[in-house]
Amino acid sequence: MLAIIGGSRLAQLPILQVTHRQIVRTPFGDPSCALTFGRIGSQNVVFMARHGYGNSIAPHEINYRANIWALHSVGAKKVLAIGSVGGIRPDMAPGMLVVPDNIIDYTWGRKHTFYEGPDRPLVRVDFTHPYDAELRQVVLAAAQAGQVPCIDGGVYAVTQGPRLETAAEILRLQRDGADMVGMTGMPEAALAREMGLQYLHVCHIANWAAGKGSSREHILFADDALADGMAKVQALLAALSGD
Ligand code: HPA
């Protein structure tokens with residue numbers, strides 16, 4: 001079963017044929033929402049809205065551990081995580097989709113591991129390549145088959161939020177090697193790795209990052225770019241499910 005975690009622009013999944021919903025409790029507290037089960041084409045899917053169905057949970061307040069635990073507990077093996085980001089690299093323009101291939105984590109103070117407490121073993125999971133290679137090939141092939149334009153690769157900088165970055169912070173992220181910036185990529189990816197889930201991010205670019213693009217004075221979220229990005233996400237998910 002494929003799990004899809006929807007981001008702030010994807011609290012519902014119109015192409016999902018819903019069969020049922022389930023409230024899951026976890027040792028780490030409540031997930032962002034009840035899980036929605038259904039099918040996209042022939043693919044069994046469990047869907048979760050990362051920010052809650054009312055889109056009310058801020059990035060730093062999401063219970064990432066409960067979310068990943070819940071998806072694992074219902075038998076998900078693969079997780080496709082959708083998230084909106086700001087574009088830093090010149091080709092990462094609003095409306096584009098990107099499948100990043102690495103992460104730099106700037107978040108702090110988030111519950112970021114399942115290995116916590118005196119009776120837990122010390123486990124150092126390998127995180128050299130944070131995204132699953134097999135899932136990546138499947139998603140990129142689906143994008144190609146469905147003619148959904150999608151940039152292959154790029155470094156995702158994860159900031160703490162909820163405020164957006166300063167122009168100077170974006171320049172620093174760029175010097176560090178980041179191509180896009182978002183707030184929810186971590187610790188979600190690392191927790192998925194700890195749980196042994198195959199995890200991949202698909203980012204849609206909602207805006208130019210601070211100080212980038214043609215409007216350098218402030219960040220613009222253009223409705224047409226957002227709609228374009230969401231249409232591409234839906235098309236990609238349909239292509240992935242053989243529809
Ligand atoms: N910065 C951080 N997170 C974001 C942005 C951004 O510019 N756009 C969408 N999520």
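When a ligand or atom number is given, it counts from 1 through the structure's own listing order. Heavy atoms only: backbone and side chains are in, while hydrogens, waters and symmetry mates are out.
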Which heavy atom of the protein is the closest neighbour of [atom], given with residue, atom name and distance?
| atom | result |
| --- | --- |
| atom 10 (N) of ligand 1 | S84 O, 3.3 Å |
| atom 3 (N) of ligand 1 | G182 CA, 3.4 Å |
| atom 5 (C) of ligand 1 | G86 N, 3.5 Å |
| atom 4 (C) of ligand 1 | V181 O, 3.6 Å |
| atom 6 (C) of ligand 1 | L164 CD2, 3.4 Å |

Flag, side chain of R193 to backbone of P130, donor-acceptor distance under 3.5 Å:
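Yes; at least one donor-acceptor contact below 3.5 Å.
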
Are [X] and [Y] close enough that a side-chain donor and a side-chain acceptor fall under 3.5 Å?
| X | Y | result |
| --- | --- | --- |
| D176 | Y106 | yes |
| Y53 | T36 | yes |
| E165 | T159 | yes |

Using the six-membered ring wherever Trp is involved, compare the ring planes of Y156 and H201 and label them parallel, tilted or perpendicular (cut-offs 30° and 60°).
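The arrangement is perpendicular - the two ring planes meet at more than 60°.
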
So, is N207 polar-close to ligand 1, with some N/O to N/O distance under 3.5 Å?
yes

Return a yes/no value for E165: is any of its N or O atoms, backbone included, closer than 3.5 angstrom to an N or O of ligand 1?
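E165 vs ligand 1: N/O contact under 3.5 Å present.
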
What pairs of residues pass the salt bridge (charged side-chain N to carboxylate O under 4.0 Å, His left out) test when at least one of them lies in residues 132-141, not counting sequence neighbours?
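Checked against salt bridge (charged side-chain N to carboxylate O under 4.0 Å, His left out) - neighbours excluded - the pairs reaching residues 132-141 are K78-E134, R136-D152.
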
